[in-house]
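All values below were derived from every heavy atom in this structure, side-chain atoms included, with hydrogens, water molecules and symmetry-related copies excluded.
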2 protein chains.
Amino acid sequence: MPYKERDIEKQYFTIGEVAAQFNVAPSLIRFWETEFEELRPRKSKKGNRLYTPQDIDIFRTIYHLVKERGYTIPGARDLMKQKGPQLKEKIDVIQSLEKIRKFMVTMKKELDAISKAQ
Amino acid sequence: MPYKERDIEKQYFTIGEVAAQFNVAPSLIRFWETEFEELRPRKSKKGNRLYTPQDIDIFRTIYHLVKERGYTIPGARDLMKQKGPQLKEKIDVIQSLEKIRKFMVTMKKELDAISKAQ
DNA sequence: ATGTCGCGTTCTTTGTAGGGCATGGGGCGA
DNA sequence: TCGCCCCATGCCCTACAAAGAACGCGACAT
């Protein structure tokens with residue numbers, strides 16, 4: 001029995017899923033597609049965008065630069081041209097540290113709650 | 001004989017001189033003054049802005065971030081808040097390297113010219 | 001099986017708030 | 001008279017959001 005198309009396609013995410021994951025509007029993702037040639041996902045026959053995990057990594061990089069670091073779109077674009085893949089590594093590290101920070105803040109709150117309860 | 005006021009004042013640059021140095025309009029400098037609290041030069045009795053070399057360093061930092069790196073104004077502002085003085089050092093290094101690069105490009109051109117002439 | 005109703009999601013195209021200055025007017029001191 | 005001051009207003013893109021059409025899918029009736 002050959003693979004059903006659905007099974008193959010589920011390697012991909014829809015634009016709505018990506019939008020939800022980053023809490024942005026689909027229109028923003030489509031707009032960035034016009035601004036960053038790196039962000040050109042496959043499309044289904046119907047024309048729907050199909051995002052691979054790699055596509056999502058690229059989106060995350062752009063999101064980080066534009067929304068978290070405050071780059072303009074040309075600024076982010078230039079940086080990606082030069083630094084390309086190195087950038088992903090750096091951002092992964094940053095995001096790991098950010099998670100750790102959040103964890104520690106939570107811990108601190110709980111510790112504060114305990115010490116006050118006494 | 002006491003210092004004449006001119007001698008003291010000539011420690012300073014006018015907005016026009018600063019504008020010329022960076023090849024920007026005075027209106028841009030005034031506008032950035034409303035956006036970056038770090039960029040608030042002294043003013044003469046008359047109200048004219050008096051830029052010290054330190055003020056110019058601050059302007060250079062902003063110029064570098066906004067015009068050369070492609071940060072938005074809020075992005076540059078946030079970066080200056082956190083990194084403040086460290087940033088100046090980094091930018092000094094970058095600008096030195098940039099000068100060296102230009103020098104080397106010039107050298108290369110001359111070398112090319114020589115090798116072609118033969 | 002087949003029509004179709006409605007809902008959610010997607011598409012592309014068009015509209016738009018506001019970010020980032022520039023310009024113009026009126027005034028002042030050297 | 002020149003160069004700077006301070007507003008106020010003007011203005012052009014940037015960076016999206018909204019509008020409107022089309023599609024896919026389940027439910028329900030035919």
The criterion is side chain to side chain contact (heavy atoms under 4.5 Å, CB included); which residues satisfy it with [X], sequence neighbours excluded?
X        : answer
Thr52(B) : Tyr12(B), Gln54(B), Asp55(B)
Pro74(B) : Thr72(B), Arg77(B)
Lys43(B) : Glu33(B), Arg49(B)

Nearest-0.5 Å distance, OG1 of residue Thr14(B) to OH of residue Tyr51(B): 9.0 Å
Without decimals, in angstroms, what is the distance between [X] [atom1] and [N] [atom2]?
X        : N       : atom1 : atom2 : result
Leu28(B) : dA22(C) : CG    : P     : 6 Å
Phe13(B) : dG3(D)  : CZ    : C1'   : 17 Å
Glu35(A) : dT14(D) : CD    : C1'   : 8 Å
Ile62(A) : dA15(D) : CD1   : P     : 13 Å

Looking only at side-chain N and O atoms, does [X] come under 4.0 Å of OP1 or OP2 in [N]?
X        : N       : result
Thr14(B) : dC4(D)  : yes
Trp32(A) : dA15(D) : no
Lys45(A) : dC11(C) : no

Quick one: side chain to side chain donor-acceptor pair (under 3.5 Å) partners of [X], sequence neighbours excluded?
X        : result
Glu37(A) : Lys81(A)
Asn23(A) : none
Asp57(A) : Arg60(A)
Glu38(B) : none

Look for any protein N or O under 3.5 Å of an N or O in nucleotides 13-19 of chain C and output each such pair with its distance, or none.
none

Just the atom pairs and distances: protein N or O near nucleotides 5-11 of chain D's N or O, under 3.5 Å.
from   : atom 1 : to       : atom 2 : distance (Å)
dC5(D) : OP1    : Arg49(B) : N      : 2.9
dC5(D) : OP1    : Arg49(B) : NH1    : 3.3
dC5(D) : OP2    : Arg30(B) : NE     : 3.3
dC5(D) : OP2    : Arg30(B) : NH2    : 2.7
dC6(D) : OP1    : Lys43(B) : NZ     : 2.2
dC6(D) : OP2    : Arg49(B) : NH1    : 2.4
dC6(D) : OP2    : Arg49(B) : NH2    : 2.7

